[in-house]
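Each remark here refers to the structure printed beneath this line.
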Amino acid sequence: MPDFIPGLELSRRFYHEAVRPILDQHTPGLPHSAALIGSGSEVLGYDTPMSSDHHWGPRLLLFLSAADHTRHAAALDAALRDHLPTLFAGYSTHFSPPNPDDNGVQLLVPLEHGPVNHRVEITTLTAFCASVLAFDPARDPDPLDWLTFPTQSLLELTAGAVYHDEVGLNS
């Protein structure tokens, strides 16, 4: 087992050293944001070596504009599957399919050669906010919205780390 690297640091390195070079090669100049936000103990900085036994590893979210997502998401997903290394910092980049009997948990699975089943989620800010809050961030929330947003969901939008931002995550 490799030395433990906290998930936020692992994901930062994964973006800069493995994912970004593939983006630059296959879609040079594509405006995007990269972050590790959402659910998971590593997003809050609470991960430990025990965390690596479930839903943890080299992963991140890649945000595109809606138009760029329509144009590029499928090709980027394929490029990442085909060109990501099977190991990064000693950890597999290949994840099991979501386990329907265990809340969709995915585990790291060793793999000799690709393609890899990566966990670089290619999405838009609107889709991500809709999945976390069931809310369209293009409209201003009213007082009732604020009263009904679960605080855990708000934390999923604000905790973690942004590694690169060209589509407005920090706005």
For the pair L23 and L62, evaluate side chain to side chain contact (heavy atoms under 4.5 Å, CB included) and give the outcome as yes or no after the intermediate values.
CA-CA 10 Å; L23 295 176; L62 188 66; 3.8 Å; yes

Chi angles and distances behind the side chain to side chain contact (heavy atoms under 4.5 Å, CB included) call for L87, T93:
CA-CA 6 Å; L87 276 179; T93 61; over 6 Å; no

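In terms of the salt bridge (Lys or Arg N to Asp or Glu O under 4.0 Å) criterion, residue partners of E17 (sequence neighbours excluded) are, by chain and number, R13. Judged as a side-chain contact (heavy atoms from CB on, under 4.5 Å), and not counting sequence neighbours, A75 has no contacts. For D165, the salt bridge (Lys or Arg N to Asp or Glu O under 4.0 Å) criterion is met by no residue, not counting sequence neighbours.
For S52 (side chain) and T48 (main-chain N/O), no donor-acceptor pair under 3.5 Å exists by modelled atom type. In this structure, the side chain of D47 engages the main chain of G7 through a donor-acceptor pair within 3.5 Å. Between the side chain of N99 and the main chain of D101, a donor-acceptor pair closer than 3.5 Å is present.
Contacts classified as salt bridge (charged side-chain N to carboxylate O under 4.0 Å, His left out) and involving residues 143-163 (residues at least two apart or in different chains) are given here: R139-D145. Sorted by first and then second residue, the pairs that involve residues 66-92 and meet salt bridge (charged side-chain N to carboxylate O under 4.0 Å, His left out), not counting sequence neighbours, are D68-R71, D77-R81.
How far OG of S11 is from CD1 of I5: 10.0 Å, rounded to the nearest 0.5 Å. Atom CG of L36 and atom CZ of R12 lie 12.5 Å apart (nearest 0.5 Å). Atoms OG1 and NE2, on T86 and H113 in that order, are 9.0 Å from each other to the nearest 0.5 Å. One distance of note links CG of L111 with CG of N117; it measures 9.5 Å at 0.5 Å rounding. A distance of 10.0 Å separates CG in L108 from NE2 in H94, rounded to the nearest 0.5 Å. In this structure, OG1 on T27 lies 10.5 Å from CD1 on I22, to the nearest 0.5 angstrom.
When all heavy atoms are compared, the tightest approach of P2 to G90 is CG-O, 3.3 Å. A34 approaches L60 most closely through the heavy-atom pair CB-CD1, 4.3 Å. Shown here for S33 and G168, the closest heavy-atom pair between the two residues is OG-N, 4.1 Å. Across all non-hydrogen atoms, the minimal contact from P21 to H16 is CD-O, 3.5 Å. For the residue pair A18 and P85, the shortest heavy atom distance occurs at CB-CD, 4.2 Å.
A 6.0 Å sphere centred on CG of D142 holds more than 12 heavy atoms belonging to other residues, nucleotides or ligands.
Across E42, Q106, H118, E121, a single residue satisfies side-chain hydrogen bond (donor to acceptor under 3.5 Å, both in side chains) together with R59, and that is E42.
Side-chain contacts under 4.5 Å among hydrophobic residues (ILVMFWY), followed directly or transitively, place L169 together with I37, L61, F63, L125, F128, V132, L133, F135, W146, F149, L154, L157, V162, V167.
Inter-residue side-chain proximity for T126 and P137 is flagged as met; some heavy-atom pair is nearer than 4.5 Å. Using a 4.5 Å heavy-atom threshold, the side chains of L155 and L44 count as touching. Counting only heavy atoms from C-beta outward, the side chains of L76 and L30 approach each other to under 4.5 Å.
Donor-acceptor pairing under 3.5 Å is recorded for the side chains of Y15 and R20.
The side-chain tip of R119 points at the ring of F95 from less than 6.0 angstrom away and within 45° of straight on.
Below 30°, between 30° and 60°, or above 60°: for W56 and F4 the angle between ring planes is below 30°, a parallel geometry.
Note: H26 and H83 meet the aromatic proximity criterion, with ring centroids under 6.0 Å apart.
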